[in-house]
Protein chains: 2
Amino acid sequence: MDVGQINVQRQNGVALWRQIADRIRASIANGEYDATGMVPPEMVLAAQFGVNRHTVRSALAALAQEGIVRAMQGRGTLIERKERLNFPISQRTRFTEGIGDQARKKEGLLLSSAEEPASAALAASLRIAEGAPVIRLETLRKADRRPVSRSTNWFPAGRFAGMKEAYEASGSITAAFQALGLSDYWRFSTEITATHADGADLADLQLSPGAIILVARALNVDPDGVPVQYAVSRFPADMVQFTIAN
Amino acid sequence: MDVGQINVQRQNGVALWRQIADRIRASIANGEYDATGMVPPEMVLAAQFGVNRHTVRSALAALAQEGIVRAMQGRGTLIERKERLNFPISQRTRFTEGIGDQARKKEGLLLSSAEEPASAALAASLRIAEGAPVIRLETLRKADRRPVSRSTNWFPAGRFAGMKEAYEASGSITAAFQALGLSDYWRFSTEITATHADGADLADLQLSPGAIILVARALNVDPDGVPVQYAVSRFPADMVQFTIAN
DNA sequence: AGCTATTTGTACGTATGTATT
DNA sequence: TAATACATACGTACAAATAGC
């Protein structure tokens with residue numbers, strides 16, 4: 001098969017090896033190398049991208065550092081991890097259930113928490129008074145020990161006073177709500193954007209500079225339609241996708 | 001307000017000036033400079049990012065090239081564009097209606113078209129036989145003369161033989177469907193990912209290298225649930241956001 | 001076992017880009 | 001604007017490991 005040239009741009013502030021690493025990572029996630037379970041040989045990739053073999057080696061070294069591939073002398077470069085996690089977005093969106101059996105071990109860690117007055121925008125979303133107290137939880141979610149999202153969650157402080165302790169005990173927002181007497185809730189709206197990872201993302205999600213993150217801003221409401229949670233979640237773009245089924 | 005140091009990483013495959021340009025672009029999109037309508041002075045930015053003023057100037061030059069800011073000697077650096085277009089995703093998702101009054105002038109251009117055999121994956125989505133003929137339309141959508149999405153659309157060739165001409169005449173998929181006797185259709189599913197723009201995206205969407213695009217893969221069905229269109233649309237991430245309302 | 005082709009690993013030299021001073 | 005230091009990218013050559021014959 002003649003693959004043809006794959007386009008990368010020179011001298012635009014993003015190193016060739018990083019652009020190539022991003023492309024290979026995406027190809028792996030898209031299952032393009034599933035037939036062999038291997039990345040094509042370095043010389044083949046170099047020809048495809050129109051670069052020197054060393055540049056491809058730099059890209060593969062970065063992917064090896066991420067644990068996505070493992071190079072084996074004389075054999076080739078083995079793919080270690082390939083699947084993208086899929087997050088369904090619906091009225092019943094829940095993080096842990098959403099992952100389902102796509103990962104064996106699911107964790108929710110509390111990075112920090114605070115009580116603070118609601119900003120104007122947050123107050124409007126949660127339908128509370130501006131400046132009213134809210135509880136903010138910074139959480140990190142992992143699937144099979146790899147970080148998959150970093151979230152900032154706000155809850156009305158009056159109604160959900162014990163949120164921090166309830167989340168720490170269970171590692172799950174759903175379980176924490178139940179512990180506080182809210183047995184069910186609904187996803188009211190979701191806003192999706194994409195941006196470059198910032199410093200905190202890089203550290204917490206174990207990404208390399210220039211990485212892309214998907215950002216979901218979500219409002220959850222109780223069965224009466226009263227807002228109970230506003231959350232901003234950040235996902236590594238090459239690890240996840242969102243699906244909306246109608 | 002003391003902003004403190006903003007973290008950028010050196011020598012990691014992404015040039016400092018590009019990391020800084022990405023941060024400033026994101027700050028503009030997030031409305032952080034709305035109070036003045038200006039980017040902070042170069043010396044302030046240099047201090048915030050912990051870099052030399054020359055490096056900040058490189059970043060601002062890139063943003064000026066994109067048309068996002070305009071530097072004015074002696075005055076400062078003016079922000080030209082800041083608001084994001086919002087695309088609602090629902091059962092009734094339609095591009096032109098979705099934009100609504102967020103833009104005055106909406107255009108749909110046909111870049112190219114072809115008839116080709118359906119790949120295995122496409123055939124499965126459209127529920128037709130693998131290799132059955134499909135019509136592919138490459139389209140570019142603009143709002144107020146700025147390109148906002150580049151789409152690849154596939155239609156079963158048997159049912160929608162005149163799709164190319166119908167789209168060319170109207171610049172709208174919805175109108176083309178109506179001209180071909182399909183008065184209504186529904187969004188069945190949407191898949192959202194994010195990635196770096198490739199060469200074709202850069203050219204068609206008038207982006208600068210390194211830009212992020214949001215990718216939506218959508219399946220539309222007729223009122224009987226029969227697939228009528230599969231589309232892959234690519235949007236500049238700093239120009240648009242998606243919303244899902246439940 | 002040897003031989004060869006394939007593939008990754010290592011080394012050196014050169015040119016250019018990036019960032020600071 | 002110039003000098004400096006380091007990163008990036010290319011070219012070439014050869015070494016080491018693996019697989020197939």
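All chains are named by letter (A, B, ...) in the order of the sequence lines, taking the proteins before the strands, and each is independently numbered beginning at 1. What you see is a predicted model; the values in this text were computed from it and never measured.
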Nucleotide nearest [X] when distance is taken to its side chain, options [options]:
X: A/R57; options: D/dT8, C/dT20, C/dG9; result: C/dG9
X: A/L16; options: C/dA19, C/dT20, D/dC10; result: D/dC10
X: A/E42; options: D/dT8, C/dT8, C/dT20; result: C/dT8

Open item on the list: Is it the case that over 12 heavy atoms from other parts of the model lie below 6.0 angstrom from the CD atom of A/E168?
Closed with: yes
Task: A/M38 CE: over 12 foreign heavy atoms closer than 6.0 Å - done: yes
Between [N] ([atom2]) and [X] ([atom1]): distance, integer Å:
X: A/M38; N: D/dA17; atom1: CE; atom2: P; result: 17 Å
X: A/R70; N: C/dT7; atom1: CZ; atom2: C1'; result: 16 Å
X: A/R53; N: D/dT8; atom1: CZ; atom2: P; result: 19 Å
X: B/W17; N: D/dA7; atom1: CH2; atom2: P; result: 19 Å
X: A/R75; N: D/dA16; atom1: CZ; atom2: C1'; result: 14 Å
X: A/L78; N: D/dT18; atom1: CG; atom2: P; result: 14 Å
X: A/F49; N: D/dT8; atom1: CZ; atom2: P; result: 18 Å
X: A/I20; N: D/dA9; atom1: CD1; atom2: C1'; result: 10 Å

- [ ] May I ask you to say what A/M43 touches in the nucleic acid, namely base, sugar-phosphate or nothing, with a heavy-atom cut-off under 4.0 Å?
- [x] nothing
Open item on the list: In the structure I gave you, are the side-chain heavy atoms of B/W17 and B/R57 within less than 4.5 Å of one another anywhere?
Closed with: no
Open item on the list: With a cut-off of less than 4.0 Å, is there a side-chain N or O of A/T77 near OP1 or OP2 of C/dT8?
Closed with: yes
Open item on the list: Are B/F235 and B/F87, when compared by the centres of their aromatic rings, separated by less than 6.0 Å?
Closed with: yes
TODO: Please round to the nearest 0.5 Å and tell me the distance separating atom CD1 of A/I244 and atom CD1 of B/I89.
DONE: 4.5 Å
Task: Earlier contact from the 5' end, DNA chain C, for A/L60 and A/H54 - done: A/L60
Task: Earlier contact from the 5' end, DNA chain D, for A/N52 and A/Q73 - done: A/N52
